[in-house]
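Atoms considered below: every heavy atom in the structure, side chains included; atoms not considered: hydrogens, waters and symmetry mates.
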Amino acid sequence: SAKSASFSATLTGIRTNTLNIQYNIIPNPNNGEFEVRIVSNKTAKYQLVLYNVTGQELMREDLTIANGINSKRYNFSKLESGVYFMSLVGAEGISTQNLIIQ
């Protein structure tokens with residue numbers, strides 16, 4: 001309204017555009033050991049990136065995903081228990097999922 005004071009805002013958050021692939025973390029929650037399973041209908045290059053809740057990048061890995069089912073096991077059992085974010089980044093966008101380590 002006219003009586004409201006002006007303010008400035010900064011929007012923050014996680015961009016979650018969807019890629020044209022299926023991407024799962026199994027199991028989730030886990031103890032730091034898990035599998036990333038990606039099902040794609042084409043071969044393409046992606047990056048898998050792990051962030052903590054403050055947005056600090058903990059891991060970045062280049063992946064070539066083949067047509068069909070792709071899976072890779074990870075062991076982050078040395079990380080503290082908590083919530084992390086794992087993003088799969090490709091030319092057509094990004095898909096981010098929560099990762100819970102107990």
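Between Leu99 and Phe34 there is a side-chain heavy-atom pair separated by less than 4.5 Å. In this structure, the side chains of Tyr84 and Leu79 come closer than 4.5 Å at one or more pairs of heavy atoms. The side-chain heavy atoms of Asn31 and Phe76, taken from C-beta on, include no pair separated by under 4.5 Å. The side-chain heavy atoms of Asp62 and Gln47, taken from C-beta on, include a pair separated by under 4.5 Å. For the pair Tyr74/Leu48, a side-chain contact is recorded, criterion being any heavy-atom separation below 4.5 Å from C-beta on.
Residues Val39 and Ile65 do not share a hydrophobic cluster, clusters being chains of Ile/Leu/Val/Met/Phe/Trp/Tyr side chains in contact below 4.5 Å. Under the 4.5 Å side-chain contact rule for hydrophobic residues, Ile26 and Ile69 do not share a cluster.
A side chain to side chain contact (heavy atoms under 4.5 Å, CB included) with Met86 is found for exactly one of Asn98, Asn28, Val36, namely Val36.
The two residues Glu57 and Tyr51 make their nearest non-hydrogen contact at CA-CD2, 3.8 Å. Shown here for Ser87 and Thr96, the closest heavy-atom pair between the two residues is OG-OG1, 2.7 Å. Closest approach of Ser71 to Glu35, counting heavy atoms only: CB-OE2, 2.9 Å. Summarising the geometry of Gln97 relative to Ile25, their closest heavy-atom pair is OE1-N, 3.8 Å, with the distance given to 0.1 Å. Scanning both residues, Glu33 and Pro27, for their nearest heavy atoms gives O-CD, 4.2 Å. Taking both residues in full, the closest heavy atoms of Ser40 and Ile21 are given as OG-CG2, 3.4 Å, listed atom of the first, atom of the second, then distance.
Without hydrogens or angle criteria, Asn24 side chain to Gln22 main chain gives no donor-acceptor distance under 3.5 Å. A donor-acceptor pair under 3.5 Å links the side-chain atoms of Asn52 to the main chain of Gln56, judged by distance alone.
We find the CG-CD1 distance between Leu88 and Ile38 to be 4.5 Å, quoted to the nearest 0.5 Å. Rounding to the nearest 0.5 angstrom, the gap separating the OG1 atom in Thr54 from the CZ atom in Phe85 is 10.0 Å.
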With side-chain contact (heavy atoms from CB on, under 4.5 Å) as the criterion, how do Thr64 and Lys45 come out once you've worked through the C-alpha distance, each side chain's angles and the decisive distance to 0.1 Å?
CA-CA 4 Å; Thr64 299; Lys45 294 186 184 260; 3.9 Å; yes
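No hydrogens or angles considered: a donor-acceptor pair under 3.5 Å links the side chains of Tyr46 and Glu92.
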